[in-house]
Amino acid sequence: MARARWWPEFVTLSAIWGASFAFIKIGVDAGVPPAWVALWRCLLGAAALWLIVAARRERVPREARVWGHSAVVAVLLNSAPFVLLSYGETKVSSVLAGVWNATTPLFTLVFVLLSAQGERPTPRRLAGLALGFAGALTVLGVWNGLGVGEPAVLGAWGGLGGGGLGGSLACLAATACYGAGFAYTRRHLSRLPHSSTSLAALQITCAAAELALFAPLTSGGPRWPGAQAALALLALGALGTGVAYILNLRIVRTAGTGVASAVTYVTPLWSTALGALLLAEPVGWNTAAGGVLVIAAVALTRSAPARADAPAARPA
């Protein structure tokens, strides 16, 4: 009986994070610059998290060291990847962006191994990384050449035509940022005595401050994008960058980090389904096959249950 309690929250969390890619697509298609998409989601996410911190009367970290590390994590897990993902979705579908996001655990493992945090490159994990690389090449459709070929055909299949290569590389760079950010968080923030919610609120607030400087300089002032895009940005921020983190924390507490980390497998299914059904985006065979390979690679690299590390706001 107790085991079933986390399922509703698990499904809800995977759906929220899976839908985030569709929300981003709606925003950028309405003309909202990528930097402003990132800024709005951080502002709204921070507002939601601080309301929860206030309701729970949790202590806000005041140490300069914690603020400094949080600012670095904000760049790696929020500011930079949110802008890169939003830019990527100006070039590729939300379906493809969701598939690229599934490579996050693979990049995390790479950075953890490189940072010598007690992890060893076992044969199983090395095989998983190789399989993930094969999956990424399949998604890219490298047999068509990088940007060479019939753009109409490649674009229709979610491949590289019409600027798709640049969009895919931006999404891939975003997941690389996530990997570096999680490794950094594990090293510098995972053992702090502060609550996960307060650290998440601090992190997202730092990201909002960073983007508040970056967005006006690169994209001018804010503009009203229309009701549909405004609602999408509201959901992206308050739900995908705010409430979702609380759901993630609840799952960790009730079912453990192993179950919570499994959301990585489900999120691409939601992003693919919602992109295809709501936005009428095509799903090419290589995107689907590559996504399966990436998810299998993530499962292969997770040879041991994840530790209850770091309270970092997990991106989508």
>> Hydrophobic cluster membership, with links at side-chain heavy-atom distances under 4.5 Å among I/L/V/M/F/W/Y: are Leu239 and Val266 in one?
In response: yes
>> With side chain to side chain contact (heavy atoms under 4.5 Å, CB included) as the criterion, how do Thr138 and Val292 come out once you've worked through the C-alpha distance, each side chain's angles and the decisive distance to 0.1 Å?
In response: CA-CA 10 Å; Thr138 302; Val292 170; over 6 Å; no
>> Heavy-atom count check: over 12 atoms from other residues, nucleotides or ligands less than 6.0 Å from Trp40 CH2?
In response: no
>> Please give me the minimum heavy-atom distance between Cys171 and Trp100, naming the atom from each residue.
In response: CB-CD1, 3.7 Å
> Stepwise, does the side-chain hydrogen bond (donor to acceptor under 3.5 Å, both in side chains) test hold for Trp270 with Ser14?
Replying inline: CA-CA 7 Å; Trp270 283 105; Ser14 64; 2.9 Å; yes
> To the nearest 0.5 Å, what is the distance between CZ (Phe23) and CD (Gln228)?
Replying inline: 10.5 Å
>> Let's go through Thr90 and Tyr87 carefully: what are the C-alpha distance in whole Å and the side-chain angles of both, what is the deciding distance for side chain to side chain contact (heavy atoms under 4.5 Å, CB included) to 0.1 Å, and is it a yes or a no?
In response: CA-CA 5 Å; Thr90 65; Tyr87 170 77; 3.9 Å; yes
> Side-chain donor-acceptor pair under 3.5 Å between Thr175 and Thr104, yes or no?
Replying inline: no
> Could you go step by step and tell me if Val60 and Leu202 meet the side chain to side chain contact (heavy atoms under 4.5 Å, CB included) rule?
Replying inline: CA-CA 8 Å; Val60 179; Leu202 180 58; 5.7 Å; no
> With no hydrogens and no angle check, is any side-chain donor or acceptor of Trp36 less than 3.5 Å from a backbone partner on Arg223?
Replying inline: no
> Of all heavy-atom pairs between Ile204 and Leu49, which one has the smallest distance, and what is that distance?
Replying inline: CG1-CD1, 3.8 Å
> Does the pair His69 and Thr185 meet the rule for a side chain to side chain contact (heavy atoms under 4.5 Å, CB included), with working shown?
Replying inline: CA-CA 8 Å; His69 287 313; Thr185 302; over 6 Å; no
> Any idea how Phe182 and Tyr178 line up, ring-wise: parallel (<30°), tilted (30 to 60°), or perpendicular (>60°)?
Replying inline: tilted
> Nearest 0.5 Å, what's the CG-OG distance between Leu274 and Ser94?
Replying inline: 8.0 Å
>> Working to the nearest 0.5 angstrom, can you tell me the gap between Asp29 CG and Leu279 CG?
In response: 7.5 Å
>> Once rounded to the nearest 0.5 Å, what's the spacing between atom NZ of Lys25 and atom CG of Leu96?
In response: 9.5 Å
> Hey, is Glu63 close enough to Arg65 for a salt bridge, meaning N to O under 4.0 Å?
Replying inline: no
> When rounded to the nearest 0.5 angstrom, what distance separates CG in Leu247 from CD in Glu9?
Replying inline: 6.0 Å
> Does Tyr184 belong to the same Ile/Leu/Val/Met/Phe/Trp/Tyr cluster as Trp67, with side-chain heavy atoms less than 4.5 Å apart forming each link?
Replying inline: yes
>> Quick check: closest heavy atoms across Ala35 and Thr218, and the distance to 0.1 Å?
In response: CB-OG1, 3.9 Å
> Shortest non-hydrogen contact from Gly240 to Ser20?
Replying inline: CA-OG, 4.1 Å
> How long is the span from the CD atom in Glu210 to the SG atom in Cys42, to the nearest 0.5 Å?
Replying inline: 8.5 Å
>> For Pro61, is there any backbone N or O sitting under 3.5 Å from a side-chain donor or acceptor partner on Ser198?
In response: no
> Which atom names give the shortest non-hydrogen contact between Phe82 and Ala38, and what distance separates them?
Replying inline: CB-CB, 3.6 Å
>> On a heavy-atom basis, which atom in Leu77 and which in Cys177 lie closest, and how many Å separate them?
In response: CD2-O, 4.4 Å
